[in-house]
Structures are given as C-alpha cells and as structure tokens.
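Report on one structure; see the data block that follows.
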Amino acid sequence: MTQQNRRRRAATTTKTDPWQEQRQALWEVCQQMYQRGLVGAFSGNASLRLPASEGQLLVTPTHNSYYGLKPEELVVVDLAGQPLSAGRKPSSETPLHLEIYRQRPDVMAVVHTHSRYASAAAVAGREIPPIIDEMVSSIGGAVRLAEYTMPGTADLGRAACRALGSHQAALLRNHGVVGVGAGIWEALEVCDLVERVAQIFVLAQVFGSGSATPLAPDIIERQLALLRQRRSAG
Ligand SMILES: [Zn+2]
C-alpha cells in the first residue's frame, strides 16, 4: 500500500472523511431505489468510482436495509473488492461491479435493481427491444439479456458485460437489472427507465402478439448518430 493510500485509508476512518460528498450521493440514490420500488429493503446494490483515487469504489454494504442505512456505513473497497474502511462488509455483488468497472472505463457508477417488470422479462428470457426513443438516447438501444450465472460471482459481471456491450443497461437472466452511467444519478435513472420500458413492453402485448413494435432501424441509426455527436461534444 502506498503512502498516499495509507493516508486515504486513515482518513476514511476519521471525521475528515474525504468521500463525504460521494457517500451522501450514493446514500440518496439508495433511498430513491427503495422508494421507487426498484429494490426490496435488503436487495439490489449500487456503487461509484471514487474520484482522484487509485480505482477505489464506494459500495453498498451487505445485509443492510435501505431504510436503516447511514451514509457512513457505505464501504470503500479497493480494486480487489477488499474493504478499506472499518465496519460493514461490502455487498456480495461487489464482483459484478468490479468486473463492469474493469471492462468499461467510461462507467463511473453501477446500480443493480430487482424491479418487477424488468425482472419478469428477465425470467421470461426476453430482451427489451428499442421500443421508445428514450431507450436509444439513454441506454444505447435494446436492453439485452445476460445469460444466467450465479449471483455474487465475477462470472455474473462477465455475463453482464457481454450483454451490456457499449449500452447503459442489461437484464440479468432470472435475476434483475444492471444499469451504468457517468455518475450515480445517471445509473439510477437508467434502471428507472428500464423498469418503465419493461412495463410498456409487457402492456403493449395486451394488444396482441407482436404489438410491441420496435423503432424502425433507420430511426435508431439516426438517433444513435445524434447520441454519438452529443457525447463527442462532451
Ligand atoms: Zn441481485
């Protein structure tokens, strides 16, 4: 451990916590995940990359209800998932988060939810095609489906990354949703959008088989071009 890291480690256990702002943001997102019904009190998890650190993450603790959670109970972990702050253990899904950060340098935050309609699609083995414009601009297109792997493993992270590609969200087969973003609020809103489009996808089928019509390919292409333009403009 470098001198700098030792100082940071010490700082995380004192009142001069350098990550106070990040703790507050992640804590607020956790409350939103729970209040919006995207997770049960003890399920799902979220993390963010800590700025100006050597790849350290702030992640939700394991076995902790969202309604009882305090910002100081969020756990700082290193690139191997080892906790650097005293107290709680990191989420058992930390390997999922670590793998996504390893494979997607553009991702600064990860939110994993178990929302109902999206999980129903994941149980049915259905990806959600790009059925509304917002999916292209916010997710990159379809919400693809990752093959089933055991929770709590790096395999789940690898399967999620294969389904994500360059997109911002994926369904985890028989499990839930993973959403990523350039910030923790973006990752939350991606998961919220996935749940909304999953509802629309399911409800559209009330009108008969094949009635959840995807956007035309040329429209998707034009919107992707706009998205690339916006991203390259910063
Ligand atoms: Zn889960």
Side-chain angles (χ1 to χ4, degrees), residues 26 29-48 57 59-66 69 75 77 81 89-104 107 109-131 135 138-181 184 186-203 205 212:
L26 185 54
V29 161
C30 288
Q31 303 312 305
Q32 286 292 313
M33 286 162 67
Y34 181 55
Q35 285 164 18
R36 296 185 194 187
L38 300 176
V39 291
F42 289 87
S43 72
N45 33 75
S47 71
L48 54 80
L57 309 179
V59 63
T60 44
T62 194
H63 302 309
N64 208 125
S65 70
Y66 292 110
L69 183 67
V75 187
V77 299
K89 283 187 180 168
S91 164
S92 59
E93 289 292 16
T94 300
L96 162 72
H97 294 245
L98 286 168
E99 193 58 34
I100 293 172
Y101 290 118
R102 256 196 290 271
Q103 294 200 30
R104 287 279 301 269
V107 168
V110 176
V111 171
H112 166 52
T113 58
H114 292 168
S115 58
R116 291 175 179 84
Y117 282 82
S119 297
V123 166
R126 301 283 297 276
E127 75 165 36
I128 307 172
I131 48 175
M135 289 179 73
S138 299
I139 293 171
V143 185
R144 293 185 291 244
L145 179 69
E147 71 266 33
Y148 182 81
T149 48
M150 286 292 285
T153 64
D155 279 347
L156 181 61
R158 287 188 274 275
C161 286
R162 282 193 290 276
L164 279 169
S166 61
H167 289 196
Q168 303 298 92
L171 298 176
L172 306 176
R173 181 83 203 238
N174 292 79
H175 185 160
V177 179
V178 67
V180 302
I184 190 65
E186 184 186 328
L188 170 73
E189 295 305 336
V190 162
C191 287
D192 201 54
L193 175 60
V194 170
E195 179 57 9
R196 207 146 36 83
V197 297
Q199 287 188 28
I200 294 166
F201 182 56
V202 171
L203 291 172
Q205 321 225 14

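Residue numbers start at 1 and run along the sequence shown. Basis for what follows: all heavy atoms, side chains included, without hydrogens, waters or symmetry-related copies.
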To the nearest 0.5 angstrom, please state how far the [atom1] atom of [X] sits from the [atom2] atom of [Y].
X      : Y      : atom1 : atom2 : result
Leu203 : Tyr117 : CG    : OH    : 5.5 Å
Cys30  : Ile184 : SG    : CD1   : 7.5 Å
Thr153 : Arg158 : OG1   : CZ    : 7.5 Å
Phe42  : Tyr66  : CZ    : OH    : 10.5 Å
Leu145 : Ile128 : CG    : CD1   : 9.5 Å
Leu171 : Glu127 : CG    : CD    : 8.5 Å

Non-hydrogen atoms of [X] and [Y] that approach each other most closely:
X      : Y      : value
Ala187 : Gly181 : CB-N, 3.9 Å
Met33  : Ala46  : SD-CB, 4.1 Å
Arg173 : Ala124 : NH2-C, 4.2 Å
Ser138 : Leu193 : CB-CD2, 3.5 Å
Ala142 : Pro129 : CB-CA, 4.2 Å
Val59  : Pro90  : CG1-CB, 3.7 Å

We want to know whether [X] and [Y] form a side-chain donor-acceptor pair, criterion being a heavy-atom distance below 3.5 angstrom.
X      : Y      : result
Tyr101 : Ser47  : yes
Arg162 : Gln103 : no
His114 : Ser119 : no
His175 : His112 : yes

Report summary line: From the list Ile100, Thr94, Leu96, side-chain contact (heavy atoms from CB on, under 4.5 Å) with Leu98 holds only for Thr94
Query - Residue of the set Val194, Leu188, Leu38 for which side-chain contact (heavy atoms from CB on, under 4.5 Å) holds with Thr113 - result: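 The passing option is Leu38.
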Query raised in the report: Do other residues, nucleotides or ligands put more than 12 heavy atoms under 6.0 Å from the CZ atom of Arg126?
Result: no
Query raised in the report: Taking only residues at least two apart or on different chains, which pairs with a member in residues 35-44 satisfy salt bridge (charged side-chain N to carboxylate O under 4.0 Å, His left out)?
Result: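 For residues 35-44: Arg36-Glu189, Arg36-Asp192.
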Donor-acceptor pair, [X] side chain versus [Y] backbone, under 3.5 Å?
X      : Y      : answer
Gln205 : Phe201 : yes
Ser92  : Gly152 : no
Arg144 : Ala163 : yes

Report task. Mind checking ring-ring contact (aromatic ring centres under 6.0 Å, His included) for His167 and listing every partner two or more places apart, or none if nothing turns up? Result ->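 His167 satisfies ring-ring contact (aromatic ring centres under 6.0 Å, His included) with no residue once adjacent residues are dropped.
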Query - Working for side-chain contact (heavy atoms from CB on, under 4.5 Å), residues Val190 and Val180 - result: CA-CA 7 Å; Val190 162; Val180 302; over 6 Å; no
Requested in this report: Verify side-chain contact (heavy atoms from CB on, under 4.5 Å) between Leu164 and Val107, making sure each step is shown before the conclusion.
Outcome: CA-CA 11 Å; Leu164 279 169; Val107 168; over 6 Å; no
Query raised in the report: Run the side-chain contact (heavy atoms from CB on, under 4.5 Å) check on Leu172 and Val177 step by step: do they pass?
Result: CA-CA 6 Å; Leu172 306 176; Val177 179; over 6 Å; no
